[in-house]
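Whatever order the structure lists ligands and atoms in, that order sets their numbers, starting from 1.
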Amino acid sequence: MKGTLRYGCHLRSHGSFTQMGNKAIRLAELEGCSCFQFFAKNPRSLQLKLDYEQDAHECRSLLETASIKTIIHSAYVLNIATSMQPDSTLFTAHAMSLLNDLVIADACGAVGVVVHFGVIKHSDKLQGYRDIITMLNVVTDSWHGNALILLENQAGLHGGLGVTLDECVQIRKLCHKPDQIGFCLDTCHAYVSGMWNADHTEGTSQLLEHGRNMDYWPYVSAVHVNDAQEAYGSKRDRHAGIGQGRISPTAMEQLLTSAELRDKLLILETPESGERLHSKEWQLIRAWYALDHHTSHHK
Ligand SMILES: [Zn+2]
């Protein structure tokens, strides 16, 4: 099998990127992890973080030395479907928060910033898409760094936007600077939204094929590897540990070891258990890859 298996999890930074970097290195040594996700700032607020430089640069050199890749998750309260009308102040606050995350991502050496597709409180989906494109254009027009905006598919509530690969691909194409936009696939959201029928034997190959037809996979930088506590199509977003939820382990294995997902950063956002965080789940992922390696070796 070609490509590198990279797995890890969301790490809490507790306000210090350097501390987070040291924790990442320890998990790399203990568990073989080589990618992580973290928050650039308080996830419950749009408030900007301005005093990051020295801490971020220290973190960057630690992670580069250890060949660890990272992504940043934007604030939970960030909504890229926030409209400019009637109040552009609110729109600006969201745009500035995302821009701040991108600047910090570059300072920390992170690949990109994950943003949820966007929430609408009205029923006009087209207007929602227009607002998202406006937001992404405003942000990327003033962004000249390397970090990408990584659009994440959603579970299906809050207006029902961003539940298909088609929406992600189309929004990216319609933006001024598509090269600054990539994707993050969340497996729990894909399952509960009805995008990925992991209950059906053909479901995974159908998702992979649809993504190939849409030209989605080449732009995926990261995968949020989450099992689901709720049923297929339920639209209810409750993550479970890998192999402990409703998603069949066979389907998860098929998806994660597919050629399409090779080299993507596999990041767990599942409940932590104990000191070693996700030890058992990582063991499972390693075993799936080893098995795949073994079988492809003998083909
Ligand atoms: Zn996610």
Side-chain angles (χ1 to χ4, degrees), residues 6-13 20 33 35-44 69-81 97-98 101 105 110-119 132 147-165 167-168 171-172 181-196 198 207 211 216-217 219-230 232-247 251-252 255-256 260-261 264-272 277-278 281-282 285:
R6 282 190 177 271
Y7 59 87
C9 66
H10 183 94
L11 277 185
R12 277 172 274 183
S13 68
M20 189 279 302
C33 297
C35 63
F36 295 96
Q37 172 179 275
F38 59 99
F39 291 122
K41 50 187 189 261
N42 178 358
R44 283 170 204 87
K69 295 200 177 198
T70 56
I71 50 174
I72 279 177
H73 199 296
S74 58
Y76 293 132
V77 289
L78 178 77
N79 180 12
I80 60 167
S97 177
L98 177 51
D101 283 340
V111 177
V113 174
V114 175
V115 298
H116 294 159
F117 195 89
V119 176
I132 290 172
L148 301 172
I149 294 174
L150 302 174
L151 283 180
E152 177 175 353
N153 60 301
Q154 303 195 117
L157 293 180
H158 315 300
L161 297 185
V163 292
T164 60
L165 300 185
E167 291 166 277
C168 296
I171 289 288
R172 179 180 179 277
I181 299 168
F183 306 124
C184 173
L185 176 76
D186 187 303
T187 56
C188 169
H189 300 173
Y191 180 70
V192 300
S193 68
M195 177 200 285
W196 174 31
L207 174 69
Y216 170 80
W217 300 113
Y219 304 103
V220 175
S221 299
V223 181
H224 283 165
V225 183
N226 300 315
D227 206 333
Q229 288 190 35
E230 304 290 341
Y232 171 72
S234 65
K235 300 181 183 178
R236 295 177 64 192
D237 183 16
R238 288 170 65 216
H239 298 182
I242 305 308
Q244 296 157 36
R246 302 273 198 126
I247 299 177
M252 189 65 100
L255 183 68
L256 296 187
E260 285 78 3
L261 268 67
K264 312 301 186 194
L265 312 183
L266 307 180
I267 310 260
L268 299 179
E269 293 180 316
T270 58
E272 295 172 4
L277 305 181
H278 303 279
E281 295 165 272
W282 287 325
I285 292 175

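Under the 3.5 Å distance criterion, with hydrogens and angles disregarded, a donor-acceptor pair is assigned to the side chains of E269 and H224.
No more than 12 heavy atoms of other residues, nucleotides or ligands shown are found within 6.0 angstrom of NZ on K69.
For E269, the N, O or S atom with the smallest separation from the Zn ion (ligand 1) is OE1. The name of the N, O or S atom in H224 nearest to the Zn ion (ligand 1) is ND1. Looking at D186 and the Zn ion (ligand 1) together, the shortest N, O or S contact belongs to OD2. Atom OE2 is the N/O/S atom of E152 found closest to the Zn ion (ligand 1).
Exactly one of D186, T270, T187 qualifies for a side chain to side chain donor-acceptor pair (under 3.5 Å) with N226. That residue is D186.
Aromatic pair H10/F39: centroids less than 6.0 angstrom apart.
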